[in-house]
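Below: one structure, written as structure tokens.
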Amino acid sequence: IVRLEETMQVRVENKPITLFRGAVVADALTAFCEATLKDVRRGKLLVTDGEGHPRSLSGELREGDVLKLQPAQEKVKR
């Protein structure tokens with residue numbers, strides 16, 4: 001049995017995700033969509049917070065955190 005105080009809620013692309021306290025960004029993406037996590041790991045997508053600051057997959061989450069996804073910018077060849 002999981003107690004309510006042992007969980008927290010975050011949002012990924014406005015979808016509420018319930019996770020265990022101490023979860024990291026990768027855990028939230030796994031709960032959201034495993035294919036999305038794979039795309040982040042492959043460098044196709046970037047994860048940011050609600051204000052657009054980059055978040056790493058190992059970054060710890062807190063109650064109410066918001067995660068957004070955006071396409072990774074391709075490097076310009078010179």
Side-chain angles (χ1 to χ4, degrees):
I1 298 173
V2 176
R3 294 181 190 161
L4 189 57
E5 62 269 9
E6 294 174 356
T7 64
M8 64 178 171
Q9 192 169 83
V10 300
R11 290 183 141 338
V12 178
E13 290 295 313
N14 289 324
K15 179 181 177 185
I17 306 286
T18 301
L19 299 167
F20 58 93
R21 292 204 178 274
V24 297
V25 171
D27 298 319
L29 294 181
T30 298
F32 177 72
C33 174
E34 287 190 37
T36 299
L37 176 59
K38 288 179 184 177
D39 284 346
V40 171
R41 285 189 169 140
R42 291 181 182 137
K44 294 180 180 181
L45 291 174
L46 293 176
V47 183
T48 64
D49 64 16
E51 297 177 4
H53 301 110
R55 294 291 310 260
S56 74
L57 290 176
S58 61
E60 193 170 322
L61 295 169
R62 295 180 189 193
E63 177 73 38
D65 277 354
V66 174
L67 299 174
K68 301 280 186 178
L69 300 163
Q70 63 183 32
Q73 300 294 327
E74 292 191 29
K75 293 182 180 176
V76 177
K77 293 182 181 179
R78 294 181 183 206

**Request:** Could you check L61 against V25 for side-chain contact (heavy atoms from CB on, under 4.5 Å), going step by step and ending with a plain yes or no?
**Result:** CA-CA 6 Å; L61 295 169; V25 171; 3.9 Å; yes
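- Of all heavy-atom pairs spanning L67 and R55, the tightest one is CD2-CG, 4.1 Å.
- In plain terms, the two heavy atoms of A31 and L19 that are nearest each other are CB-CD2, 4.2 Å.
- No more than 12 heavy atoms of other residues, nucleotides or ligands lie within 6.0 Å of CD in E51, so this atom counts as exposed by the packing criterion.
- V40 is not connected to V24 by any chain of hydrophobic side-chain contacts under 4.5 Å among Ile, Leu, Val, Met, Phe, Trp and Tyr, and they are in different clusters.
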**Request:** Would you sort out whether V12 and L29 count as a side-chain contact (heavy atoms from CB on, under 4.5 Å), showing the intermediate values?
**Result:** CA-CA 7 Å; V12 178; L29 294 181; 4.1 Å; yes
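- For the atom pair M8 CE and T18 OG1, the distance stands at 10.0 Å (nearest 0.5 Å).
- Here the straight-line distance linking atom CG of N14 with atom NZ of K68 works out to 4.0 Å at 0.5 Å rounding.
- The main-chain N or O of I17 is never found under 3.5 Å from a side-chain atom of Q9 such that the two would form a donor-acceptor pair.
- Here the side chain of R21 pairs a donor or acceptor atom with the backbone of T7 at under 3.5 angstrom.
- Between the side chain of E13 and the backbone N or O of L69, at least one donor-acceptor pair lies under 3.5 Å.
- Distance CG/D39 to CZ/R41: 11.5 Å, rounded to 0.5 Å.
- With rounding to the nearest 0.5 angstrom, the CG atom of D27 is 10.5 Å from the OG atom of S58.
- Although no hydrogens or angles enter the test, the distance criterion places no donor-acceptor pair under 3.5 Å between the side chain of R62 and the main chain of V10.
- When every heavy atom of L46 is checked against every heavy atom of A72, the shortest pair comes out as CG-CA, 4.0 Å.
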